[in-house]
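Just so it is clear: chains get the letters A, B, ... in the order the sequence lines come, proteins before strands, and each one is counted from 1.
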2 protein chains.
Amino acid sequence: MKIGALAKATKTKVETVRNYEKFGLLPPPARTTSNYRDYGSDHLARLPFIRRARNLGFTLKALRELLELSDNQDQSCEAVDDIASRHLAEIDQKIDDLTTLRSELDRLIGACQHGTVGECKIIETLAPRI
Amino acid sequence: MKIGALAKATKTKVETVRNYEKFGLLPPPARTTSNYRDYGSDHLARLPFIRRARNLGFTLKALRELLELSDNQDQSCEAVDDIASRHLAEIDQKIDDLTTLRSELDRLIGACQHGTVGECKIIETLAPRI
DNA sequence: GTTTGATCCTATAGTTACTACAGGGTGCAT
DNA sequence: ATGCACCCTGTAGTAACTATAGGATCAAAC
């Protein structure tokens with residue numbers, strides 16, 4: 001498939017797709033005789049992963065590391081363990097933060113339905129843990 | 001407190017703090033006679049919220065909207081409900097994505113400990129929901 | 001068979017959010 | 001009074017994306 005079809009299928013801008021290739025997140029696809037990029041199902045699977053992970057605040061650099069866990073199956077257990085563990089801690093923190101933020105937004109909406117907006121404590125929800 | 005102390009207390013770069021003020025996320029603090037920014041406890045509470053929310057992938061624009069829920073307590077219930085609900089859906093999606101990604105990393109580490117690295121299915125974890 | 005329009009190519013410049021640096025003022029401590 | 005750490009404004013750099021320019025390719029319509 002050509003870049004336009006891939007971009008559409010993954011709701012990504014064409015320029016962003018090319019950008020990922022330049023950065024080494026998407027392997028360079030085959031080219032047609034007229035030099036058009038010709039993507040396969042591996043690209044189609046990989047791109048949504050990148051998009052979602054980006055949306056979750058992972059940098060392209062962090063993503064490259066995670067994708068290498070997938071690409072180089074022959075890596076040492078220590079390497080896999082180290083990389084995965086580091087990201088696991090980061091992910092847990094993010095889930096925690098999102099969960100507390102979620103509760104406060106939920107409470108806000110609930111208070112609203114009872115006609116009493118009350119004090120908004122959004123800021124406190126993400127206050128630093130001591 | 002001066003900007004350096006605030007930055008240190010919130011693990012933020014001094015330049016980033018000034019940037020948030022320019023963007024309207026942090027209210028301009030009082031100034032000393034020598035024109036130094038003089039922050040109070042409200043700034044000290046607000047900044048960690050901004051930092052965490054940024055880390056979760058919220059844009060400065062989205063943050064400004066969320067912070068207005070907190071600042072303008074006199075907003076209409078409909079406005080609060082609308083803004084909060086939109087962000088709630090976004091947050092739920094993020095929690096879902098992080099949870100599935102977390103499981104796969106966890107499985108990878110587990111497999112590692114049993115000496116059988118096995119196939120890495122990270123990419124599939126964030127595959128599109130149909 | 002050529003013209004129109006959509007899509008592709010590369011390359012460059014703009015945007016957002018942050019970071020770094022330049023050039024200069026402030027304030028305390030030795 | 002001379003460092004030295006900190007503050008100020010302003011500008012320029014980075015990362016990741018987005019937009020635009022200038023041109024090639026291809027399918028379809030006339």
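With pairs defined as Watson-Crick or G-U wobble and both atom distances under 3.5 Å, the stems of at least three pairs that touch DNA chain D come out as C:1-15 with D:16-30, C:17-30 with D:1-14.
Taking the ring-ring contact (aromatic ring centres under 6.0 Å, His included) definition, one finds that A/Phe58 meets it with nothing, sequence neighbours left out. Looking at residues two or more places apart in sequence or on another chain, you find a side chain to side chain contact (heavy atoms under 4.5 Å, CB included) between B/Arg64 and B/Phe23, B/Leu25, B/Lys61, B/Glu68. Here B/Arg51 pairs with nothing under the salt bridge (charged side-chain N to carboxylate O under 4.0 Å, His left out) rule; sequence neighbours left out. By the ring-ring contact (aromatic ring centres under 6.0 Å, His included) test, A/Tyr39 is found to be paired with A/His43, residues two or more places apart in sequence or in another chain being considered. For the side-chain hydrogen bond (donor to acceptor under 3.5 Å, both in side chains) test, residues two or more places apart in sequence or in another chain that qualify with B/Ser34 are B/Thr32. In this structure A/His87 satisfies the ring-ring contact (aromatic ring centres under 6.0 Å, His included) test with no other residue, sequence neighbours excluded. Scanning for side chain to side chain contact (heavy atoms under 4.5 Å, CB included) contacts around B/Lys8 gives an empty result, with sequence neighbours left out.
Applying a 4.0 Å cut-off to non-hydrogen atoms, the residues of residues 22-35 of chain A that approach DNA chain D are A/Phe23, A/Ser34, listed by residue number. For the segment residues 9-17 of chain B, residues with any heavy atom less than 4.0 angstrom from an atom of DNA chain C are, sorted by number, B/Lys13, B/Glu15, B/Thr16.
For DNA chain C, the contact window with chain A, defined by any atom under 4.0 Å from a protein heavy atom, covers C/dT7 to C/dT10 in 5' to 3' order. First and last contacting nucleotides of DNA chain D toward chain A (any atom under 4.0 angstrom from a heavy atom, 5' to 3' order): D/dA16 to D/dC26.
Look at B/Arg102 and B/Asp106 and you find a salt bridge, because one of the NZ, NE, NH1 or NH2 atoms lies within 4.0 Å of a carboxylate O, short of that distance.
Of the possible donor and acceptor atoms, one in the side chain of B/Thr10 sits under 3.5 Å from a partner among the backbone N and O of B/Leu6.
Using a 4.0 Å heavy-atom criterion, one finds that B/Arg18 contacts the bases of the nucleic acid, with or without backbone contacts as well. The residue B/Tyr20 sits close only to the backbone: its heavy atoms come under 4.0 Å of sugar-phosphate atoms, none of a base.
Taking OG1 of B/Thr12 as the start and CZ of B/Arg18 as the end, the distance is 13.0 Å to the nearest 0.5 Å.
B/Arg52 pairs with exactly one of A/Leu98, A/Leu101, A/Asp97, A/Thr100 by the side-chain contact (heavy atoms from CB on, under 4.5 Å) rule, that one being A/Asp97.
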